Amino acid sequence: MKWQGRRKSSNIEDLRGQSAGGGGRGISPMLILPLIRLLFSKAGLVIVAILALVFFLTGTNPLALLQQFVGGEPQYAQSSNAQQSPEEQALAEQTAIVLADTEDVWNKLIQGYREPTLVLFSDQVNSACGTASSASGPFYCPGDEKLYIDLSFFEEMDHKLGAEGDFAQAYVVGHEVGHHVQKLTGTMDQVNAMRGKLSETEFNKLMVRVELQADFYAGVWAHHTQRSTGFMEPGDLEEALNAASAIGDDRLQQRSTGRVVPDSFTHGTSAQRVRWFKKGFETGDVSQGDTFNATVL
């Protein structure tokens with residue numbers, strides 16, 4: 001994949017080397033006095049109660065929210081990028097370039113497209129969706145419209161899942177941005193509204209369709225970026241298809257437990273993930289990605 005020297009997205013939040021438990025976030029010294037005054041006021045008691053409720057429901061750091069009441073922005077410690085290896089730094093740069101490519105594509109395909117932020121983290125991270133560890137893999141949080149990736153996941157893809165190559169890694173970013181597209185189009189809200197109204201098995205089936213549509217959108221991104229930049233090299237498409245296959249529910253379950261339980265699938269089989277990414281790549285037509293009404297996945 002030809003990525004070196006191209007535009008990098010500015011929508012990157014680098015939290016690598018910071019603690020998700022709050023150690024990486026602090027209150028600006030200039031805000032300490034205003035915060036003390038606020039907390040000892042009548043309104044302060046109400047605010048504290050609200051923040052406690054928000055923390056309980058979402059896991060969002062209350063210190064970051066509290067600063068907003070006094071006109072401050074959350075303060076982050078400087079990322080320890082100096083400790084990152086040259087290989088990881090190159091991977092971070094590649095990820096920022098892929099994100100820029102998705103911005104170029106979706107700004108053209110969706111009027112009023114809101115560009116998401118991609119958060120790079122190490123080990124554990126706080127999001128509007130709660131605290132997550134690297135073991136969860138890359139994810140998108142609709143609550144803050146951010147993508148979260150621990151770059152070590154790409155090493156795991158390479159060495160443990162057999163999903164090698166820079167385009168396989170780009171596919172992962174394209175897939176998570178696909179979830180952001182679902183958020184903007186209202187699909188994700190409609191699906192979340194069904195949570196609790198369906199049995200676990202039926203909701204899992206619905207989630208499979210969500211994930212396969214995100215795979216389709218990743219293919220659409222690759223289609224349009226290839227047409228505009230010619231960034232793909234021989235073997236790149238095969239890398240993406242191999243990655244989609246490697247993280248199919250059936251293959252992952254067989255690998256981890258030795259058996260496959262279709263009712264517990266939440267992302268789709270290897271064959272399904274390959275099929276929908278390939279359809280998006282071949283057509284580039286967003287209207288053909290309606291996985292929810294498809295009779296055959």
Side-chain angles (χ1 to χ4, degrees), residues 1-9 12 85-109 118 120 137-138 147 149-181 211-252 255 267-286 288-289 291 297:
M1 185 177 77
K2 303 173 185 176
W3 59 268
Q4 292 91 341
R6 295 169 50 215
R7 182 180 78 86
K8 293 185 288 187
S9 173
I12 300 289
S85 67
E87 292 78 13
E88 183 172 340
Q89 284 301 94
L91 188 53
E93 181 178 352
Q94 174 194 316
T95 301
I97 290 172
V98 171
L99 183 64
D101 285 341
T102 68
E103 294 165 355
D104 293 340
V105 169
W106 291 112
N107 271 307
K108 293 178 181 177
L109 297 181
L118 191 153
L120 300 176
L147 294 64
I149 295 179
D150 184 329
L151 295 175
S152 66
F153 175 77
F154 294 138
E155 182 178 352
E156 182 176 347
M157 283 179 58
D158 191 342
H159 294 101
K160 295 184 179 180
L161 301 180
E164 302 175 353
D166 50 11
F167 199 75
Q169 297 155 1
Y171 152 75
V172 172
V173 177
H175 173 90
E176 297 305 330
V177 172
H179 285 312
H180 180 61
V181 173
E211 296 296 333
L212 294 180
Q213 188 178 63
D215 282 332
F216 173 83
Y217 287 152
V220 170
W221 153 73
H223 169 96
H224 288 280
T225 302
Q226 173 63 7
R227 289 188 64 181
S228 62
T229 69
F231 77 130
M232 293 177 63
E233 298 177 302
D236 279 347
L237 178 59
E238 289 72 20
E239 288 179 4
L241 297 179
N242 181 51
S245 176
I247 54 180
D249 283 325
D250 53 343
R251 187 165 167 180
L252 290 176
R255 185 185 184 92
H267 287 69
T269 67
S270 294
Q272 289 169 340
R273 302 200 69 168
V274 167
R275 183 182 305 126
W276 282 96
F277 175 85
K278 195 172 182 180
K279 184 177 182 179
F281 180 76
E282 291 176 345
T283 67
D285 183 357
V286 176
Q288 295 195 41
T291 58
L297 293 178

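Treat the numbers as computed from the prediction; the structure is a model and nothing was measured.
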TODO: Apply side-chain contact (heavy atoms from CB on, under 4.5 Å) to the pair F216 and T283, showing each step before the final yes or no.
DONE: CA-CA 10 Å; F216 173 83; T283 67; 4.1 Å; yes

Task: Euclidean distance, L151 CG relative to E87 CD, rounded to 0.5 Å - done: 12.5 Å

TODO: Compare all side-chain heavy atoms of F154 with those of I149 and state whether any distance is below 4.5 angstrom.
DONE: yes

Task: Pairing residues for F153 by the ring pair (Phe, Tyr, Trp, His ring centres under 6.0 Å) criterion, not counting sequence neighbours - done: none

Open item on the list: Using only atom types and a distance under 3.5 Å, with no angle test, would you say the side chain of N107 pairs donor to acceptor with the backbone of D104?
Closed with: no

Task: Residues in side chain to side chain donor-acceptor pair (under 3.5 Å) contact with S245, at least two apart in sequence or another chain - done: R251

- [ ] Indicate the atoms forming the closest heavy-atom contact of V98 with A170, along with that distance.
- [x] CG2-CB, 3.8 Å

Task: Closest approach of A243 to A163 (non-hydrogen atoms, all atoms of both residues) - done: CA-CB, 3.8 Å

Open item on the list: Would you compute the distance between atom CG of L91 and atom CD of E88 and round it to the nearest 0.5 angstrom?
Closed with: 7.0 Å

Task: Side-chain donor or acceptor of Q94 paired with backbone N/O of D166 under 3.5 Å - done: yes

Open item on the list: Within the 3.5 Å criterion, strictly below it, is a donor on E211 or H179 matched to an acceptor on the partner's side chain?
Closed with: yes

TODO: Taking Q226 for its side chain and F231 for its backbone only, find out whether a donor-acceptor pair lies under 3.5 Å.
DONE: yes

TODO: Indicate the ring-plane relationship of H175 and Y171, choosing parallel, tilted or perpendicular according to the 30° and 60° boundaries.
DONE: tilted

Open item on the list: Distance check, rounded to the nearest 0.5 Å: R227 atom CZ versus H223 atom NE2?
Closed with: 4.5 Å

Task: Reported CD-to-CZ distance for the pair E282 and F277, which is rounded to 0.5 angstrom - done: 10.0 Å

Open item on the list: If you compare all heavy atoms of R6 against all heavy atoms of K2, which two are closest, and at what distance to 0.1 Å?
Closed with: NH1-O, 2.9 Å

Open item on the list: Checking D285 now: which residues fulfil salt bridge (charged side-chain N to carboxylate O under 4.0 Å, His left out) with it, not counting sequence neighbours?
Closed with: none

Open item on the list: Check whether D215 reaches the backbone of W276 with its side chain - one donor and one acceptor, N or O, closer than 3.5 Å.
Closed with: no

- [ ] Would you give the length of the straight line joining atom OG1 of T95 to atom CG of L99, rounded to the nearest 0.5 angstrom?
- [x] 9.0 Å

Task: Working for side-chain contact (heavy atoms from CB on, under 4.5 Å), residues V172 and M157 - done: CA-CA 10 Å; V172 172; M157 283 179 58; 3.6 Å; yes

- [ ] Look at the rings of W221 and F167 and say which category their plane angle falls in: under 30° parallel, 30 to 60° tilted, over 60° perpendicular.
- [x] parallel

Task: Closest non-hydrogen atom pair, L212 against G268 - done: CD2-CA, 4.4 Å

TODO: Flag the pair L109 / V220 as yes when at least one side-chain heavy-atom distance between them is below 4.5 Å, and no otherwise.
DONE: yes

Task: Exam field: side chain K279 to backbone Q288, donor-acceptor pair closer than 3.5 Å - done: yes

Task: Intermediate values then yes/no, side-chain contact (heavy atoms from CB on, under 4.5 Å), E239 and M1 - done: CA-CA 10 Å; E239 288 179 4; M1 185 177 77; over 6 Å; no

Task: CG-OG distance between N242 and S270, expressed to the nearest 0.5 angstrom - done: 9.5 Å

